[in-house]
Amino acid sequence: MKLTMPRYDQAAVLVVGDVMLDRYWHGGTSRISPEAPVPVVRVEQIEDRPGGAANVALNIAALGSRALLVGVTGVDEAADSLSDSLRGVGVETHFQRLDEQPTIVKLRVMSRHQQLLRMDFEEPFDTDTATLAREVEHLLAGVKVLVLSDYGKGALQNHQALIQLARARGIAVLADPKGKDFSIYRGASLITPNLHEFETIVGGCVDEAELVSKGARLMRELELGALLVTRGEHGMTLLRPEHAPLHLPARAREVFDVTGAGDTVISTLAASIAAGEELPNAVALANLAAGIVVGKLGTAAISAPELRRAVQREEGSERGVLSLDQLLIAIEDARAHGERIVFTNGCFDILHAGHVTYLEQARAQGDRLIVAINDDASVSRLKGPGRPINAVDRRMAVLAGLGAVDWVVSFSEDTPERLLKQVQPDVLVKGGDYGVDQVVGADIVQAYGGEVRVLGLVENSSTTAIVEKIRNK
C-alpha cells in the first residue's frame, strides 16, 4: 500500500477516558544511601507530562487535529498542571473535578535516562456517569471519531452508553481495552488490545493462524467492526470481517522506552480515520508512529513533521524527484526540523565534473539542496535547436542520484522566478563570474530576508563545449 500524510488539520476526535499525570524527577546518582542499599538521587529537574487518555489527546493535537478530552480529576495541583499543559497545545479539556479524590499521578524517579522507581498516587474514581454521558453527547457534534481510552481507573463505567451515543450519529468508536471483560466494548468500530490483553480474553495463541482464528471469533461475539492486535517486536495484526488478515512488521530501529506506545497507536489511528484514511492505511501510519515513540524516553507525542518524515522514508520520497506539491510538503517538514533550504537551478543537459563540484559546494551552504531544472521546451528556447540532448526525466534522474542533491523539480518557464516565490529558499545559489545583483530571482529572495550567493565554476567544464566537441568528431 502507498502511504500518504492525511490532512490531519481537517480531523476532529473526542477522547474519553482515564486521564493521569506522568511526573518525572530527574537527577544524578553518585552514592549509595547509608540508610539502605539504594542509590541516592539528587533531584535536579521535575517534569510533568499528560498520561493515559490525556496523552492520547495530546498526540492527536500534535498531529494537527482538533482534540477534545473528557476525563475525571481531583481538585488539586496535578489537575491544574494537566489542564494547563493540555490547553497550551490546543486540547479542549472537559474535566469532572471531584473534591474528595486526587488526580491520578504516576511519579517516576529517573537517573541517567534509567527509571529507578515508580510510585502511583491513585484511587478508583466514583464517576458521575450520567453527567459524563451528557457531556460526551454534547461534544459529539462535529467530531468524526470517539476514542475510549480505558485504563480501568473508573472514568469509564458505562461503555455501552457512550458507544451507542456515537453509533447513533454514525461516528466511529475506537477503544483501547483493559481488563478481563471485553463485552463492555460490544459494537465498537475497532479495539486495539496488545497481545497479552488479547490472550487474556481468548487464551494463548501458538501461531498467527490461531491468533487470526480466535480474533475472528471474538469479532463475531462482540459485533466489532475490526480488531487490531499490537504484538511488540512482532508488529501488528489487523483483522476485519470478510478481509484477509493484515500483518505489519514492527518499525522501531531501537526500542528505548515502550511507555505510551499504545496511546500513540490509537491516537494516530483515530486522527487518520477522522481525516478520511481507510483503515489499512491508518494502521500502517499508526505502526510507523509507534516505531518512533518507542525510541523516546517516557510518554511522548509524535508530531506531524516526525510522522511525515517517516512516511517519506517508507515511500522512498525523502530524497529524489518530486512534484511541486510534494516539494512544498518536504520543505515544510525540513523547516520544522530546523533545516536550512538551498536552491539552485539550470538546464543540466549533460552532467559533467563541473556540475558535480558546483552542486557539492551549493549543498554545503545549508542542510537541504533543491535543484530546479528547465523542462525540454524551456531548454530549447534558451539553448537553441537540438537541445536538450537528454530529456527532462533523464536529466532529473541523473541529478537525483547525486549525494549532494536532496530534491529535483522541473519548471517550464525560462526563469525559476515563479518557483522561487513558492519555495522561498533560505539561500539561492548560482554559479558564475557575475555579481549577486545579476542573479535571476535575487530580488525575490532578498525581499523576504533570504541570502543570495555566487559560487565559482570549475574551469574547462562546459556542457556547450562538450556538445560542440562531440558534433565536430
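Residues forming a side-chain hydrogen bond (donor to acceptor under 3.5 Å, both in side chains) with Arg186 (at least two apart in sequence, or on another chain): none. With sequence neighbours left out, the side-chain contact (heavy atoms from CB on, under 4.5 Å) criterion links Val321 to Met396, Ala400, Val408. For Asn158, there are no side-chain hydrogen bond (donor to acceptor under 3.5 Å, both in side chains) partners at least two apart in sequence or on another chain. Applying the side-chain contact (heavy atoms from CB on, under 4.5 Å) test to Val398 and every residue at least two apart in sequence or in another chain returns Leu351. Evaluation of the ring-ring contact (aromatic ring centres under 6.0 Å, His included) rule for Phe182 yields Tyr185 as partners, not counting sequence neighbours. With sequence neighbours excluded, the residues that form a salt bridge (Lys or Arg N to Asp or Glu O under 4.0 Å) with Arg231 are Glu208. For the side-chain hydrogen bond (donor to acceptor under 3.5 Å, both in side chains) test, no residue two or more places apart in sequence or in another chain qualifies with Arg167. Residues passing the side-chain contact (heavy atoms from CB on, under 4.5 Å) test with Gln424, sequence neighbours excluded: Tyr448. For Leu107, the side-chain contact (heavy atoms from CB on, under 4.5 Å) partners at least two apart in sequence or on another chain are Arg23, Trp25, Met119, Phe121. Listed by chain and number, the residues in a salt bridge (Lys or Arg N to Asp or Glu O under 4.0 Å) with Asp76 amount to none (sequence neighbours excluded). Listed by chain and number, the residues in a side-chain hydrogen bond (donor to acceptor under 3.5 Å, both in side chains) with Thr344 are Tyr358 (sequence neighbours excluded).
With respect to Arg335 and Glu339, no salt bridge is recorded, no charged nitrogen being found less than 4.0 Å from a carboxylate O. Salt-bridge annotation for Asp406 and Arg363: present, with a side-chain N of the basic residue lying under 4.0 Å from a carboxylate O of the acidic one. Between Lys178 and Asp176 there is a salt bridge, with a side-chain nitrogen of the basic residue lying less than 4.0 Å from a carboxylate oxygen of the acidic one.
Listed for the Glu135 side chain is no donor-acceptor partner under 3.5 Å among the backbone atoms of His94.
Other residues, nucleotides and ligands contribute over 12 non-hydrogen atoms within 6.0 Å of the CD atom of Glu47.
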Practice task
Starting from the C-alpha separation in whole Å, work towards a yes-or-no answer on side chain to side chain donor-acceptor pair (under 3.5 Å) for Asp48 and Ser81.
Solution key: CA-CA 7 Å; Asp48 286 351; Ser81 177; 3.0 Å; yes

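Among residue pairs with one or both ends in residues 30-39, none qualify as side-chain hydrogen bond (donor to acceptor under 3.5 Å, both in side chains); sequence neighbours excluded.
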